[in-house]
Amino acid sequence: MNVVTNNKWIGQSTIRPDGVDKVTGRAAFAADTTMPGMIWGKVLRSPHPHARIRGIDTSKAEALPGVKAVVTAKDIVEFPVDKSVMLGIQDMRWMCRNVMAREKALFPGHPVAAVAATSEAIAAKACELIEVDYEVLPWSIEIEDAIKPDAPILHEFNTFEGKPSNIAGKMELKKGDVAEGFARAEVVVERTFTTRAVHQGYIEPHACLIGVGADGKTTIWSSSQGQFMVRAMTSLLTGIPQSDIRAIPAEIGGGFGGKTIVYLEPLATMLAKKSGRPVKMVMTREEVMRATGPTSASTSTVKIGATKDGKIVAAQGTFYLQAGAFPGSPIRGAAGCSFSPYDIPHVLSIGYDVLSNRSKVAAYRAPGAPIGAFAVECVLDELAEALKIDPLALRLKNAAKEGTKASHGPVYPRIGYVETVEAAMNSEHYKAPLGKLQGRGVASGFWFNAGGESSAQVNITEDGNVVVTTGHPDIGGSRAAIANVCAELLGIDYRRVSVIIGDTQTVGFSNLTGGSRVLFASAMVVTQATEQVIATLCKRAAKIWEIDPEAVTWEEGAARPAGANAGKFPPLTLKELADKAPALGGPVGASVQLNTQGAEGGFGTHVCDVEVDVDLGIVRVVRYTAVQDVGRAVHPGYVEGQLQGGVGQGIGWALSEEYIYNKDGKVDNPGFLDYRMPVCSDLPMIDTILVEVPNPKHPQGVKGVGEVPLVPVMAAVANAVHNALGKRFYALPMSPPKVLEALEVAQAAE
Amino acid sequence: MAKLHVSTTINGEPMEFLCEPNDTMLDALRGPLGLTGSKEGCASGDCGACSITVDDQLVCSCLMLAAEADGHELRTIEGMAQGEKLHPLQQKFLEQAALQCGICTSGMLVASDALLRRNPNPTEEEVRFWLAGNLCRCTGYDKIVRAVMETAAEMREAAQ
């Protein structure tokens, strides 16, 4: 593959193509859209954590004036529980029951019916008129309760080791022989950690607007991380063929993994189909908190052994992740990423997927990896202390590098982990003095990154400009980076490249925006499409000049005669060739579809300073530096933004965010006041150091950057708190009541 | 119940609309007035995505009844640019990549503008506490705070 060398736009923080719309309020998010004749949909949700649904009577709701349609589980396509039907990593057996409770309601907030009416108020009133006959069942919320032998079973058909169980799955990664490794260890640290469920916390609630014609032709506007996922899942759950569903990606107001599945779309589609009217559905914040996301709560036990010189000889991790009501917690990320920054000869990593009466978990930024890294990186901190080695020096001594066989399987190509540790060690931050009641912590993290299917079209307009169409919702500035790539290759000003996100019926299949795959994959397809366009343009110039096409090069936005013909003819610019296009064979454009390969994992190393208010128990992060191997920063502004945003979320996870359940098994804090995400005054500036070790398998050297920055954060903060107080926290969040309690216990002990 | 008739001024233009007595100002803006730049993230005054000003006071439009707009002057994100000319804050947010998904951006800009009208020379701490009512989940706030500080400095310079 060609590696771009002149770099006029790659590496520049250009203005994003959708920028002006977003700063003027013009950008159309899903909840901003309307259709003529539109009515409103509302969901009736179970108040119980666990209940058998004996019957639903919707007759009173249907009789209410203004109500146009009511749907229940019988309107949604059923996938029998004994046969798996996978769409990506989602099993439609669980999706069909998650969007609408079927045999049982499995968490408070689980949809049991939906209504469409001429106003939101009438729809809400109609929901109250629906009579559901529940047989309330015992329930369990916490992992330790759900795995007890006598725990209430969510799914009677789910067995583990031959018995009905709430353990829905187990995965094991093995390298070497840990028993042999630990036998050689001179220092061993083993600890158990817990984390609470935290929500992705996107500010835009889920929303959609859907119209279904009498012929079944369906138009969906929705907020999602993948219009093709919306089309496929809606098709499977409603029976409407994909060719009849046009899913249009609205601007998306944050997702972080939480918008990689459908919630409302199948319900709104069936309501629209039944009523013959376009149906709009918008979740309230409370619905978002109760019924979407979050990521897993967890219990992890990690044991690491080293020789006295600081060489790690064995590591073992057992990670219990709560899945919510249906199988599918991110055990692969927890078990598979946690030891990956290190070259360890003997590793055993086990993940358990645990059901409980909570909403089904959804992906959240490097799903599972931050949970595992919290445990592993805290144990490494204790190990460094026991060995009297600088914690970064310990990581450097054991760092994975080119040729290392990763604990999750592959042999690494050239990677940049060592560079991130060195950059952290050499940073001014790491050497800066600390004040009173301040502490410093470090941690590293890894994420697999991903490639997969992507499509793009590059079309030259009649006036000689460029339109690039890709298939990935732009969640954090990817359009700007794609404009940089295309403009760089064409040698034109980036403002002449308009980048748009196509809907499902106008651009080829493109997999989800997720896993840090978008720029890796879309830059690859856009590069190939642009190269095809350039080849066409060169051929046309050759035709005009009556020379061989191979004797034409494309430089600085124009075809130029090369080799023996160099300088013989004046260059033909993109605009000139566009003008002549009708006479030279017609429109110029290219369309490329690929299953992209060659994504390489990403590594980060973070340095965090905290200050503890010992009177109030408040931990404040006062300085933070995130170092990451980003491959190639195509648009540095948005790369830095990914790192800073991930750190912000991690600080929330570490210090203040948690789902709190009451004695009735319901979330007690389903709003932004009590579910405490970091606000502006909670955070310091977040410094970034971008290490660029280009991915050799990508034309621009791109590696995914979005997931890694969340992975090390909670451990970095916890290690800093330990450094400040001499007290280690094994449970998140380190919120003021818990910090005060720990300080009081410590004081009493003195 | 009959709808209420409200006469108000929005972004300098006289406007009239009808609303239910329990409609919020955000409902009115996003519904009959068609000004969807103000966003609903929580409907409880915690996220600031619906920030507007009423007689120069920064408010969450989700916490204000639409009927309360009668006789007052409102400003929303749609009134921030003068035609094609962006407000310096809007321009700076673009240049500094101070937005990612953009859902909080309207509220952030309205709130930042309200701050700079009151205090053209804010410290970082003042910016952070003023914007503490505007949640952003994408950026970690770093680039937003920098953009506001830099805009303030440039606007002070231009005013001299």
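Every chain is numbered from 1, with letters handed out A, B, ... down the list of sequences.
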Legend entry - Side chain / backbone / both / neither for B:Thr139 at chain A, heavy atoms under 4.5 Å: backbone

Legend entry - Test item: side-chain donor near acceptor, B:Asp55 and B:His72, under 3.5 Å: yes

Inset, instruction - Would you mind reporting whether A:Val288 and A:His206 have side-chain heavy atoms less than 4.5 Å apart? - result: yes

Inset, instruction - Among the options A:Pro473, A:Gly652, A:Pro205, pick out the one with the most heavy-atom pairs lying under 4.5 Å from chain B. - result: A:Pro205

Inset, instruction - Name the option with the most non-hydrogen atom pairs under 4.5 Å to chain B; the candidates are A:Gly25, A:Gly476, A:Cys680. - result: A:Cys680

Inset, instruction - Pick one of side chain, backbone, both or neither for A:Ile203, based on which atoms fall under 4.5 Å of a heavy atom in chain B. - result: both

Inset, instruction - For each of B:Cys104, B:Gly37, B:Ala49, B:Ala132, tally heavy-atom pairs with chain A at distances under 4.5 Å, and name the one with the top tally. - result: B:Ala132

Legend entry - Structural part of A:Glu251 lying under 4.5 Å from a heavy atom of chain B: neither

Inset, instruction - Kindly assign one of parallel, tilted or perpendicular to the pair A:Tyr364 and A:Phe256, based on the angle between their ring planes and the thresholds 30° and 60°. - result: perpendicular

Inset, instruction - Would you check if the distance from the ring center of A:His606 to the ring center of A:Tyr624 is below 6.0 Å? - result: yes

Inset, instruction - Considering only heavy atoms and a distance below 4.5 Å, find which of B:Glu124, B:Met108, B:His87, B:Glu125 pairs most often with chain A. - result: B:Glu124

Legend entry - Portion of A:Thr24 that has a non-hydrogen atom of chain B nearer than 4.5 angstrom: both

Legend entry - Which atoms of A:Pro636 approach chain B - backbone, side chain, both or neither, heavy atom under 4.5 Å: neither

Inset, instruction - Return yes if some donor-acceptor pair links the side-chain N/O of A:Asp682 with the main-chain N/O of A:Val679 below 3.5 Å, else return no. - result: yes

Legend entry - Contacting region of B:Phe129 [heavy-atom separation from chain A under 4.5 Å]: both

Inset, instruction - Answer yes or no: is there an ion pair linking A:Arg26 with B:Glu78, defined by an N-O contact shorter than 4.0 Å? - result: no

Inset, instruction - Please check if any side-chain donor atom of A:His199 sits under 3.5 Å from a side-chain acceptor atom of A:Thr292, or the reverse. - result: yes

Legend entry - Geometric cation-pi criterion B:Lys39 and A:Phe29, 6.0 Å radius, 45° cone: no

Inset, instruction - Sort A:Ile252 into side chain, backbone, both or neither according to what part of it lies under 4.5 angstrom from a heavy atom of chain B. - result: backbone

Inset, instruction - Counting only heavy atoms closer than 4.5 Å, note whether A:Val282 contacts chain B via side chain, backbone, both or neither. - result: neither

Inset, instruction - Heavy-atom distances under 4.5 Å only: say whether A:Gln200 touches chain B with side chain, backbone, both or neither. - result: backbone

Inset, instruction - Examine whether an atom of A:Ala27 lies under 4.5 Å from a heavy atom of chain B, and if so say whether it belongs to the side chain, the backbone or both; otherwise answer neither. - result: backbone

Inset, instruction - Answer yes or no: are there more than 12 heavy-atom neighbours, outside A:Trp221 itself, under 6.0 Å from its atom CH2? - result: no

Inset, instruction - Give a yes or no on whether the backbone of B:Gly107 and the side-chain of B:Asn134 come within a donor-acceptor separation of less than 3.5 Å. - result: yes

Legend entry - Test: A:Arg290 and A:Glu286 ion pair at under 4.0 Å: yes

Inset, instruction - For each of B:Leu89, B:Leu99, B:Leu35, tally heavy-atom pairs with chain A at distances under 4.5 Å, and name the one with the top tally. - result: B:Leu99

Inset, instruction - Answer yes or no: is there an ion pair linking B:Arg75 with B:Asp56, defined by an N-O contact shorter than 4.0 Å? - result: yes

Inset, instruction - Flag the one option from A:Ala28, A:Ser13, A:Pro684 with the top tally of heavy-atom pairs under 4.5 Å to chain B. - result: A:Pro684

Inset, instruction - Considering only heavy atoms and a distance below 4.5 Å, find which of A:Ala121, A:Gly646, A:Gly19 pairs most often with chain B. - result: A:Gly19

Inset, instruction - Can you tell which part of B:Leu86 gets under 4.5 Å to a heavy atom of chain A, answering side chain, backbone, both or neither? - result: side chain

Inset, instruction - Return the option, out of A:Gln642, A:Met283, A:Gln649, A:Met289, with the maximum number of heavy-atom pairs under 4.5 Å with chain B. - result: A:Gln649

Legend entry - A:Arg16 and B:Gln100: side chain donor to acceptor below 3.5 Å: no

Inset, instruction - Name the region of B:Glu40, side chain, backbone, both or neither, that has any atom closer than 4.5 Å to a heavy atom of chain A. - result: backbone

Inset, instruction - Under 4.5 Å, counting heavy-atom pairs only, tell me which of B:Arg128, B:Lys143, B:Arg137 racks up the most with chain A. - result: B:Arg137

